[in-house]
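Notes for the one structure printed next.
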Amino acid sequence: MPESTPWNEGDVYVSPRYLAGLPGHGDPSFDPVAHWPRYSLDEGECQLVIASPDHRIKIGWFGDGYDVWQISASKDAVSAPTWTARINQNTPPELVHGLTSALAEAYDAEGEAFLESTSYRWTEGVQPLLEAGWERMPLAAGFVNIVSPDNLAGATIDVVSSGSDAETWTLWAGPPGWGTRAEIVFTARTPKHLIAATAAGFVNPAPVVREKRCLNRQLAQLATLAPTAPATSTRKPVGAQSPAPDSIPGPAPTPASPGGRRH
């Protein structure tokens with residue numbers, strides 16, 4: 001890149017994706033539940049709530065806070081949450097997409113797949129990380145730590161605390177610090193398959209796109225950045241001949257509307 005080009009100019013692919021940070025919005029995380037009711041709030045810290053049709057699952061967006069997503073699931077619309085997840089302002093929304101996608105898939109108005117674990121083994125929650133070769137560290141002070149090969153992401157599991165409200169699962173990425181460490185924290189009764197779906201996003205090898213100006217410089221120095229492919233030029237090269245009129249494709253026919261009118 002020429003020295004005269006500003007550092008923060010243009011779009012780039014960022015890998016690993018867990019170092020991409022928040023791009024200023026959480027749009028990818030909301031895509032799987034776009035068909036659910038949403039409520040924009042004008043007052044208070046919570047700016048948006050997306051809820052399942054029966055309001056047993058709630059996804060809150062706190063765009064100006066530290067924990068910008070707060071997600072919960074309950075037995076009914078007014079009961080205390082069975083489990084909660086809080087996700088901070090350094091977390092790429094592409095990682096949250098794994099959780100919301102799993103919630104949308106598990107949701108059933110007549111069932112409780114999003115409330116109950118299919119396994120009591122804690123390893124089920126981090127199975128995607130273990131299968132990807134992340135290292136399981138020895139038990140220390142009641143915590144199991146699993147660390148990525150680059151030591152820049154991991155999972156911390158509290159295997160001692162037993163209270164239903166205890167925050168026993170933390171998926172993290174980036175160096176410690178308010179502006180660099182991404183965290184997704186689950187309480188003890190979160191179904192393991194939902195945690196695993198979230199963890200799978202950490203090992204997804206596909207890069208994500210960011211505007212360079214949105215990247216934290218410290219994270220950018222640790223990640224691999226590649227420029228996005230430039231748009232293909234439609235300009236005719238100098239000296240090129242125009243195609244014969246018969247070879248120029250015409251516009252595709254516009255389908256007729258049910259009333260026969262074309263738009």
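Owing to the predicted nature of the structure, the values given are computational and were not obtained by experimental measurement. Side chains included, hydrogens not; waters and symmetry mates left out as well; all remaining heavy atoms used.
Inter-residue side-chain proximity for Leu222 and Pro175 is flagged as met; some heavy-atom pair is nearer than 4.5 Å. Counting only heavy atoms from C-beta outward, the side chains of Asp67 and Val185 never approach each other to under 4.5 Å. Side-chain contact between Val209 and Tyr13: present, with at least one pair of heavy atoms (C-beta onward) separated by less than 4.5 Å. Side chains of Phe186 and Thr198 form a contact here, defined as non-hydrogen atoms less than 4.5 Å apart. A 4.5 Å side-chain heavy-atom check between Phe30 and Ile59 finds at least one atom pair inside the cut-off. Looking only at side-chain heavy atoms (C-beta outward), Asn90 and Asn216 stay at 4.5 Å or farther from each other. Pro32 has its side chain within reach of His97: a pair of non-hydrogen atoms, C-beta onward, lies under 4.5 Å apart.
Side-chain N/O atoms of Trp169 and Thr190 include no donor and acceptor closer than 3.5 Å. With hydrogens and angles left out, the side-chain atoms of Asp165 and Thr187 include no donor and acceptor closer than 3.5 Å.
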With side chain to side chain contact (heavy atoms under 4.5 Å, CB included) as the test, would you mind laying out the steps for Phe62 and Gln89 before giving the verdict? CA-CA 9 Å; Phe62 298 72; Gln89 45 88 13; over 6 Å; no
What's the verdict on side chain to side chain contact (heavy atoms under 4.5 Å, CB included) for Val68 and Trp61, showing C-alpha distance, side-chain angles and the deciding distance? CA-CA 6 Å; Val68 294; Trp61 169 256; 3.9 Å; yes
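For the pair Ala188 and Gly163, the tightest heavy-atom approach, listed with the atom from each and the gap, is CB-O, 3.4 Å. Counting all heavy atoms, side chain and backbone alike, Met137 lies closest to Val144 at O-CG1, 4.3 Å. The shortest heavy-atom contact between Pro92 and Ala20 is CG-N, 4.1 Å. Considering every non-hydrogen atom in both Cys46 and Leu41, the closest pair reads O-CB, 3.3 Å. The nearest pair of heavy atoms linking His193 to Glu116 is CE1-O, 3.4 Å. Minimum interatomic distance between Arg56 and Asp76 (heavy atoms only, all atoms of both residues): CG-CA, 3.7 Å.
Judged as a salt bridge (charged side-chain N to carboxylate O under 4.0 Å, His left out), the pairs with a partner in residues 92-104 (not counting sequence neighbours) are, in order, Glu94-Arg210. The salt bridge (charged side-chain N to carboxylate O under 4.0 Å, His left out) contacts involving residues 96-106 comprise nothing, where partners must be two or more places apart or lie in separate chains.
Partners of Leu103 by side chain to side chain contact (heavy atoms under 4.5 Å, CB included), not counting sequence neighbours, listed by chain and number: Ile57, Ile71, Trp83, Leu99, Phe114, Leu194. Scanning for side chain to side chain contact (heavy atoms under 4.5 Å, CB included) contacts around Ala77 gives His55, with sequence neighbours left out. Thr82 is linked by a side chain to side chain contact (heavy atoms under 4.5 Å, CB included) to Lys75, Leu115, Arg189, counting only residues two or more places apart in sequence or in another chain. Remark: Pro16 engages Tyr18, Leu19, Asp150 in a side chain to side chain contact (heavy atoms under 4.5 Å, CB included) (not counting sequence neighbours).
Taken from OG1 in Thr168 to CD1 in Ile157, the straight-line distance is 9.0 Å, to the nearest 0.5 Å. Here the CG-OG1 distance, from Leu95 to Thr100, works out to 11.0 Å after rounding to the nearest 0.5 Å. The distance from atom OG of Ser117 to atom CH2 of Trp122, rounded to the nearest 0.5 Å, is 14.5 Å.
The number of heavy-atom neighbours closer than 6.0 Å to CD of Glu112, taken from other residues, nucleotides and ligands shown, is above 12.
The hydrophobic cluster containing Val14 does not contain Leu152, counting ILVMFWY residues as joined when their side-chain heavy atoms lie under 4.5 angstrom apart, directly or transitively.
Classified by interplanar angle (parallel below 30°, tilted 30° to 60°, perpendicular above 60°), the ring pair Phe202/Trp134 is perpendicular.
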